[in-house]
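Below is one structure, written out as structure tokens, with a few remarks after it.
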Amino acid sequence: MQQPIAIFDSGVGGLTVAKEVMRQLPREKIIYFGDTARAPYGPRSLEEVKEFTEQIVNYLMTFQPKMIVIACNTATAAALEHISAQVSIPVIGVIHPGSRAAISATKTGFIGVIGTLGTINSGAYSAALKQLSPFVQVYSQACPDFVPLVERGVFLDQEAYEVAQQVLAPVRSYPIDCLILGCTHYPFLTEAIQAAVGPDVKLINSAEETAREISTILYNKGKLALTEDLPVHEFFCSGTAEIFQQIARQWLGEQIKLTPVLWQVSRMM
Ligand code: DGL
């Protein structure tokens, strides 16, 4: 049996990473978990998000994955180091890949970061960017209104454009040349965000760089899938299946195999 890659998020946001993994590594089987019953994670304390992350990783370990991708910036900020120390398989988050992509994209060194309250208040992006380059200037802003919009399936509507215009008004006064979408839900709002910040600001989506990192890790470990048959991915969510299915179909362009799970805490690590 092929060992899957386990990917999770508080909700549908991690589908932006899953989609890119499917594109770059079409042979890899994905097990995806969206904790939609408890989203959004952004306004919660990092301690609570760390606890949730541990529970989800315990659950995902029952599928015997070959690696774990924390496709949630808030959970990455809260628990990446902790989880990496707990399990024996590779674990990656999305903050370093996003930071690397921004450093390679910026020409002026003025980088904007938008994310959840948890991610922005953790300072994880500023630290990651400064670690890569001490010369960058970082402007950060939390956008707590965005995730609830996406979880409702509102991303191409007029409402999304209006919220983005309003929320991102302060960003326009800062001379950034790129803006990190520091929440995996935000790529759903790419058009609305681009319209709000203007065409001269390059939007950085960490999904591409994260998928590249997965590819490198699996290659170096000799763990890339070699099967001829394309895998059947499996999706799980802790909340209502209908809206998840609808958003996933719209985003991935296909019907997914989705199982709602009655959330229960188990300790498997
Ligand atoms: N998609 C997540 C992130 O990247 C979490 C958003 C939320 O649940 O608030 O931070």
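Here the structure is a predicted model, which is why all the values come from computation and not from measurement. Note that ligands are numbered from 1 as they come in the structure, with each ligand's atoms numbered from 1 the same way.
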Atom indices of ligand 1, in the order listed, that fall short of 4.0 Å to a heavy atom of Y41 = 7 (C), 8 (O), 9 (O)
Can you check whether F155 reaches E191 side chain to side chain, under 4.5 Å on heavy atoms?
-> no
Classify the contact between D9 and ligand 1 as side chain, backbone, both or neither, using a heavy-atom distance cut-off of under 4.0 Å.
-> side chain
On a heavy-atom basis, the closest approach of P260 and A241 is CG-CB, 3.9 Å
How about D177 and K202: do any of their side-chain heavy atoms sit closer than 4.5 Å?
-> no
Can you list the atoms of ligand 1 that are under 4.0 Å from a heavy atom of H185?
-> 1 (N), 2 (C), 6 (C)
So is T74 polar-close to ligand 1, meaning N/O to N/O under 3.5 Å?
-> yes
Contact partition for T184 relative to ligand 1, non-hydrogen atoms under 4.0 Å | both
If you measure from the Lys or Arg side-chain nitrogens to the Asp or Glu carboxylate oxygens, is any gap between E208 and R212 under 4.0 Å?
-> yes
If you measure from the Lys or Arg side-chain nitrogens to the Asp or Glu carboxylate oxygens, is any gap between E51 and R44 under 4.0 Å?
-> no
Over 60° means perpendicular and under 30° means parallel, so classify the ring planes of F110 and Y174, tilted if in between.
-> perpendicular
Find all atoms of ligand 1 within a distance of less than 4.0 Å from any non-hydrogen atom belonging to C72, and give their numbers and elements.
-> 2 (C), 3 (C), 4 (O), 5 (C), 10 (O)
Can you find a heavy atom in the side chain of M61 that is under 4.5 Å from one in the side chain of I89?
-> yes
Output the list of atoms in ligand 1 that are nearer than 4.0 Å to some heavy atom of T116, sorted by atom number.
-> 6 (C), 9 (O), 10 (O)
Answer with side chain, backbone, both or neither: which part of S10 has a heavy atom less than 4.0 angstrom from an atom of ligand 1?
-> side chain
Under 4.0 Å from any heavy atom of C183, which atoms of ligand 1 are there?
-> 1 (N), 2 (C), 3 (C), 4 (O), 6 (C), 10 (O)
Which residue and non-hydrogen atom of the protein lie closest to atom 3 (C) of ligand 1, and at what distance in Å?
-> N73 N, 3.2 Å
Distance-only N or O hit between ligand 1 and G42, under 3.5 Å | yes
Distance-minimising heavy-atom pair for C72 and V94 | C-CG2, 3.8 Å
